[in-house]
Amino acid sequence: MVELTFDAALASLPAEDFVREVLIGRLGVVAVTVGWDFHFGKGRVGTPAFLTEAGARYGFKVNVVQPFGTGTPVSSSAIRALLKAGDVETANRLLGHRWFVLREVVHGEKRGRELGYPTANMQLPPETPLAEGVYAVRASFDGHIHPAVAHFGRRVQFHENAPPLLETYVFDFKGDLYGKTLGVEFLARLRGEAKFDSVDELVSQMHRDAIEARRISTGPADPLAPSAIG
Ligand SMILES: Cc1cc2nc3c(=O)[nH]c(=O)nc-3n(C[C@H](O)[C@H](O)[C@H](O)COP(=O)(O)O)c2cc1C
Ligand SMILES: Nc1ncnc2c1ncn2[C@@H]1O[C@H](COP(=O)(O)OP(=O)(O)OP(=O)(O)O)[C@@H](O)[C@H]1O
């Protein structure tokens, strides 16, 4: 990979000089692929049309990739905004695969098993763009993928201001997951995190979450968002 520092000298380099000095002189390109709205060179003169014409003169091939889909352009900021809003289905379609995290399972407060839902806890980086709430997910470990339900949040039922955790309950599984690396891919958000009048009410809601998540995570997959964890 060649990374060019975008400094004043590069910013003021005319498109024609960039082609001659960088693409031909330094890299000796035989083919160049750019997006349909790509611009380069001083004054943004280097359009895909400019590049195609330069390619014909210098003898390199130019592929211009047209926009994908019909709606909003696919961009990492659009995907982050969708995940922050909890719309994982649309984020997954824009990504072309299900959004997933890969992390080690850490110890928690051992409350999960008392509630009837032992959960594998994972700490996600603070900048993770994910809405708090309950999700239908699939979890991968030891070479197998399991349907599961996950909660991402601060556990407002029990804590005032704890850091957010991803907690995953794996259906039809019993075993020790501490220290293992889990892949968790997200299929749908079921609801936001809530504080109930009693722990019993939280547990009743968790039963309903589990039924809904099992239905989704064992159901047919969206062909536009295949699994990336297996
Ligand atoms: C399906 C599911 C739904 C959950 N919903 C909530 C919720 O709405 N509010 C909340 O504070 N915690 C929720 N939790 C998190 C539980 O409070 C947490 O798993 C439990 O307290 C265990 O906590 P620990 O990791 O501190 O032991 C949920 C967990 C699961 C698995
Ligand atoms: N079906 C399951 N799904 C997830 N973890 C399970 C399951 N069965 C057993 N476990 C084990 O139980 C651990 C979680 O248990 P429990 O929730 O009581 O303790 P914890 O580490 O404190 O987590 P939490 O803080 O969520 O309570 C997991 O890390 C895993 O090793």
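For the numbers below, each heavy atom of this structure counts, side chains included, while hydrogens, waters and symmetry mates do not. Both ligands and their constituent atoms are indexed starting at 1 by order of listing. Just so we're clear, the structure is a prediction, and the values are computed from it rather than from any experiment. Positions are given from 1, in the same order as the sequence printed here.
Applying the side-chain hydrogen bond (donor to acceptor under 3.5 Å, both in side chains) test to residues at least two apart or on different chains, the pairs with a partner in residues 137-147 are Arg138-Glu185, Asp142-Lys180.
The distance from the CG atom of Leu4 to the CZ atom of Arg26 is 5.5 Å, given to the nearest 0.5 Å.
Less than 4.0 angstrom separates some heavy atom of Asp176 from each of these atoms of ligand 2: 31 (O).
At the top of the distance list for atom 3 (N) of ligand 2, counting protein heavy atoms only, stands Val170 N, 3.0 Å. In this structure, atom 31 (O) of ligand 2 lies nearest to the protein heavy atom Leu177 N, 2.6 Å. The nearest protein atom to atom 22 (O) of ligand 2, hydrogens excluded, is given as Lys110 N, 2.3 Å; this is a heavy-atom distance. Of the protein's non-hydrogen atoms, the one nearest atom 20 (P) of ligand 2 is Tyr178 OH, 3.4 Å. Scanning the protein for heavy atoms near atom 18 (O) of ligand 2, the closest one is Arg113 NE, 2.5 Å.
Residue-level proximity to ligand 2 for Glu167 is carried by the side chain, the only part with a heavy atom below 4.0 angstrom. Within the 4.0 Å heavy-atom criterion, the part of Asn121 lying near ligand 2 is the side chain and not the backbone. Of the heavy atoms in Val105, only side-chain atoms (C-beta onward) come closer than 4.0 Å to ligand 2.
Of the N or O atoms in Glu109, one or more lie within a sub-3.5 Å distance of an N or O in ligand 2. Ligand 2 has an N or O atom lying under 3.5 Å from an N or O atom of Phe173, backbone or side chain. Considering backbone and side-chain N/O of His107, none are found under 3.5 Å from N/O of ligand 2. Remark: ligand 2 and Tyr169 share no N or O pair separated by less than 3.5 Å (distance only, no angle test). The shortest N/O to N/O separation between Lys174 and ligand 2 does not fall below 3.5 Å.
Within 4.0 Å of ligand 1, protein heavy atoms come from Glu109, Lys110, Arg111, Gly112, Leu115, Thr119, Asn121, Val134, Val149, His151, Arg155, Val156, Gln157, Phe158, Glu167, Arg191, Glu193, Ala194, Phe196, Leu202, Met206, Asp209.
Between the choices Thr119, Leu182, Val149, Val106, the shortest heavy-atom distance to atom 14 (C) of ligand 2 belongs to Thr119. When the heavy-atom distances from atom 11 (C) of ligand 2 to Gly175, Gly179, Pro118, Gly112 are ranked, the shortest goes to Gly175.
Summarising the geometry of Thr181 relative to Phe141, their closest heavy-atom pair is O-CB, 4.2 Å, with the distance given to 0.1 Å. Closest approach of Pro129 and Leu83 over heavy atoms only: O-CB, 2.8 Å. Among all heavy-atom pairs drawn from Leu10 and Thr5, the shortest one is CD2-O, 3.4 Å. Shown here for Ser217 and Ala148, the closest heavy-atom pair between the two residues is OG-N, 3.8 Å.
The closest side-chain heavy-atom distance from Trp99 to Leu130 is below 4.5 Å. At least one side-chain heavy atom of Leu202 sits less than 4.5 Å from a side-chain heavy atom of Phe158. Side-chain contact check for Phe186 versus Val101: some heavy-atom pair is nearer than 4.5 Å. Within the 4.5 Å cutoff, the side chain of Tyr58 has no heavy atoms near those of the Leu23 side chain.
Partners of Phe40 by ring-ring contact (aromatic ring centres under 6.0 Å, His included), not counting sequence neighbours, listed by chain and number: Phe18, Phe38.
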Under 3.5 Å, sequence neighbours excluded: what are the donor-acceptor pairs made by side chains of residues 41-53?
{"unit_1": "Arg44", "atom_1": "NH2", "unit_2": "His39", "atom_2": "ND1", "d": "3.3"}
{"unit_1": "Thr47", "atom_1": "OG1", "unit_2": "Ala49", "atom_2": "N", "d": "3.4"}
{"unit_1": "Thr47", "atom_1": "OG1", "unit_2": "Phe50", "atom_2": "N", "d": "3.1"}
{"unit_1": "Thr52", "atom_1": "OG1", "unit_2": "Pro48", "atom_2": "O", "d": "2.7"}
{"unit_1": "Glu53", "atom_1": "OE1", "unit_2": "Arg57", "atom_2": "NH2", "d": "3.1"}
{"unit_1": "Glu53", "atom_1": "OE2", "unit_2": "Arg57", "atom_2": "NE", "d": "2.7"}

- Message: Pair Tyr169, Phe171 - check ring-ring contact (aromatic ring centres under 6.0 Å, His included), show working.
- Response: CA-CA 6 Å; Tyr169 171 70; Phe171 296 127; 5.8 Å; yes
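Using a cut-off of 4.0 Å between Lys/Arg side-chain N and Asp/Glu carboxylate O, Arg215 and Glu212 are scored as salt-bridged.
Close to ligand 2: Thr168, with a non-hydrogen atom less than 4.0 angstrom away.
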